[in-house]
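Beneath this line is the structure, given in structure tokens, with notes to follow.
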Amino acid sequence: MLWVDIALWLVSELEASCLCGSAPCLLCGCCPSSRNSTVTRLVFSFFLLLGTLVSVIMILPGMEAQLQKIPGFCQGGSTIPGMENQFNCDVIVGYKSVYRMCFAMTCFFFLFSAIMVRVQSSKDPRAAIQNGFWFFKFLILVGITVGAFFIPDGTFHTVWFYFGVVGSFIFIVIQLILLIDFAHSWNKIWVGNAEEGNSKCWFAGLLSFTFLHYALAFTSVVLFYIYYTQPKDCTEHKVFISLNLIFSVIISIVSILPKVQEAQPQSGLLQASLISLYTMYVTWSAMTNNPNRKCNPSLLSLVSNVSSSDPIPTSAPGQVQWWDAQSIVGLVIFLFCTLYASIRSSSNTQVNKLMQTEEGGGYGGEGEVGEDGVRRAVDNEEEGVTYSYSFFHFHLCLASLYIMMTLTNWYQPDTTTQAMQSSMPAVWVKISSSWLGLGLYLWTLLAPVMFPDRDFS
């Protein structure tokens, strides 16, 4: 199959980069000053991104037609005399292939999440499995993927859709936590630079980005009211937009209250503006899953100025337009959060507790030179792990489910018509996750004020 060819090519390329060895050896020529913990997370994230790439290729428009041209490959396609076509190309491309590929990645990361429970340091024998044996781990992933494509259709897609909904709900909240942490670190670094010198330049930069985030969020609200609501319809959308606008104003005001500033000097409008903008994205993403087409115009109809009352062409049964705008934005945010989760080094105690990481555990020091003269990554976990191995894999497990839902636009499989359909449950999952995320951010602001005796620094 196509994905097998891609996998084998990558194996041959990665073997040249110490894939069979441990993390301190892996990529030693590319990042000699990295820490063991960082390299390991990057490689596992690469596995996830590889699976995402394969899923994207499988769902590309026209991929099944191209496979049909391969002689002796697809059932019903070109044949070779004396050879029976073996593969049902309807399964290995399209949304079915995305479900199976992401099912394999979910199982792979869940397996390692279970194996790595309560690993305390790199001296634990299981840490060697976490930080090495990359070739064999890659073979395990490929093996699970091959097996996933032999799962009978039946109710598999319907059941796995609900797994994807629950997992994506949790992952959206984790994304928001990572964005909070990123904005916190960003604000802290720039304010620190401003205090050291050239304060006008750094404060101007902070003010500019804060204004940009709020401008984009406000513009989004205006566009939502214009295009995603109707005077006598779309009540849910009006409620979603209004509530999230009100919540965004509330967290912005709370972030600059004197008592909050006194308890948390690093809190400010930069974090609140970024969270507000992300909340508007989630709101938009939720509204695009509304099955009521009057309240959910496609991006093409907006660009071409087609009236919402005109009939909107729908995809053929089983086809999914994965390239729509909200899915592309979702993939970009996903890539950023995945990379950031792999290299993050935060001083935010609250976020570290939520993400099961230690303070300042992500970036590298100086690499150690081995007896062979090769500079290797530093094992910085002999005394204790800098992140929870189990939680990191669980995070990637949830990310696999999120990718599955994003690439299929959160459409629900219909086993009777073999089509993909928008559904209100997806709308409510996204909106409720945005509310939960806003609640968590508000808690990070108010907790130090409400409980001054506790350490929230």
Side-chain angles (χ1 to χ4, degrees), residues 172-224 241 244-258 260-285 325-326 328-352 354-355 360 362-363 434 437-446 448 457:
I172 290 174
V173 176
I174 291 178
Q175 276 194 149
L176 186 55
I177 293 172
L178 289 172
L179 287 175
I180 293 173
D181 181 56
F182 170 73
H184 173 88
S185 301
W186 181 7
N187 184 75
K188 182 178 181 180
I189 293 173
W190 281 31
V191 169
N193 291 338
E195 292 175 350
E196 292 177 0
N198 198 10
S199 59
K200 291 184 179 180
C201 179
W202 289 107
F203 281 125
L206 285 172
L207 181 63
S208 299
F209 277 102
T210 301
F211 176 79
L212 176 63
H213 294 158
Y214 277 124
L216 291 174
F218 179 76
T219 303
S220 300
V221 171
V222 174
L223 293 176
F224 293 163
I241 299 168
N244 279 348
L245 174 60
I246 293 172
F247 293 155
S248 297
V249 172
I250 290 175
I251 63 172
S252 298
I253 294 175
V254 171
S255 68
I256 56 175
L257 290 176
V260 173
Q261 287 286 305
E262 181 182 349
Q264 293 194 87
Q266 298 300 330
S267 69
L269 290 177
L270 177 65
Q271 297 95 313
S273 66
L274 185 60
I275 300 309
S276 299
L277 181 59
Y278 180 74
T279 300
M280 293 308 156
Y281 157 72
V282 176
T283 306
W284 171 46
S285 179
Q326 67 93 6
I328 294 175
V329 174
L331 283 175
V332 172
I333 296 175
F334 157 78
L335 292 173
F336 169 79
C337 289
T338 301
L339 179 62
Y340 182 67
S342 300
I343 64 175
R344 65 181 295 274
S345 176
S346 175
S347 59
N348 190 324
T349 305
Q350 298 178 68
V351 175
N352 284 336
L354 289 170
M355 295 299 296
Y363 296 113
S434 71
L438 287 169
L440 286 174
Y441 177 62
L442 188 61
W443 170 254
T444 63
L445 295 175
L446 295 178
S457 60

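Just so it is clear, the values below take in all heavy atoms, side chains as well, and ignore hydrogens, waters and symmetry mates. The first residue of the sequence shown is numbered 1, and numbering continues consecutively from there.
Between Trp284 and Tyr281, the ring planes are perpendicular. Angles over 60° get that label, and only those under 30° would be called parallel. The aromatic rings of His213 and Phe209 lie tilted to each other, with the angle between the two planes from 30° to 60°.
Using a 4.5 Å heavy-atom threshold, the side chains of Leu176 and Leu440 count as separate. Contact check for Met280 versus Phe224: side-chain heavy atoms found under the 4.5 Å cut-off. The shortest side-chain heavy-atom distance between Phe182 and Leu274 falls under the 4.5 Å cut-off. Between Ile177 and Asp181, the closest side-chain pair of non-hydrogen atoms is not below 4.5 Å. Using a 4.5 Å heavy-atom threshold, the side chains of Ser252 and Ser276 count as touching. Looking only at side-chain heavy atoms (C-beta outward), Leu223 and Thr219 come within less than 4.5 Å of each other.
Across every non-hydrogen atom of Trp190 and Gly205, the tightest pair is CZ3-C, 3.5 Å. In this structure, Ser255 and Leu269 approach most closely via the heavy-atom pair OG-CD2, 3.8 Å.
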Check step by step if side-chain contact (heavy atoms from CB on, under 4.5 Å) holds for Leu178 and Ile174. CA-CA 6 Å; Leu178 289 172; Ile174 291 178; 4.2 Å; yes
Does Trp202 form a side-chain contact (heavy atoms from CB on, under 4.5 Å) with Val191? I'd like the steps, not just the answer. CA-CA 7 Å; Trp202 289 107; Val191 169; over 6 Å; no
Test side-chain hydrogen bond (donor to acceptor under 3.5 Å, both in side chains) on Gln271 and Tyr441; report intermediate values, then the result. CA-CA 9 Å; Gln271 297 95 313; Tyr441 177 62; 5.2 Å; no
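Expressed to the nearest 0.5 Å, how far CD of Gln261 lies from CG of Leu445 amounts to 9.5 Å. Between atom CG of residue Asn193 and atom CG of residue Leu206 there is a gap of 9.5 Å, rounded to the nearest 0.5 Å. How far CG of Leu277 is from CG of Leu216: 5.5 Å, rounded to the nearest 0.5 Å. Atoms CD1 and CD1, from Ile246 and Ile251 in turn, are 13.0 Å apart once rounded to the nearest 0.5 Å. Note that OG of Ser285 is 6.5 Å distant from CD1 of Ile172, once rounded to the nearest 0.5 Å. Rounding to the nearest 0.5 Å gives a distance of 9.5 Å between OG1 of Thr279 and CG of Leu179.
For Tyr214 and Ser248, the side-chain atoms include no donor-acceptor pair closer than 3.5 Å. Donor-acceptor pairing under 3.5 Å is recorded for the side chains of Asn244 and Thr283.
Other residues, nucleotides and ligands place no more than 12 heavy atoms under 6.0 Å from the CD atom of Glu262. At most 12 non-hydrogen atoms from other residues, nucleotides or ligands lie less than 6.0 angstrom from CZ of Phe211.
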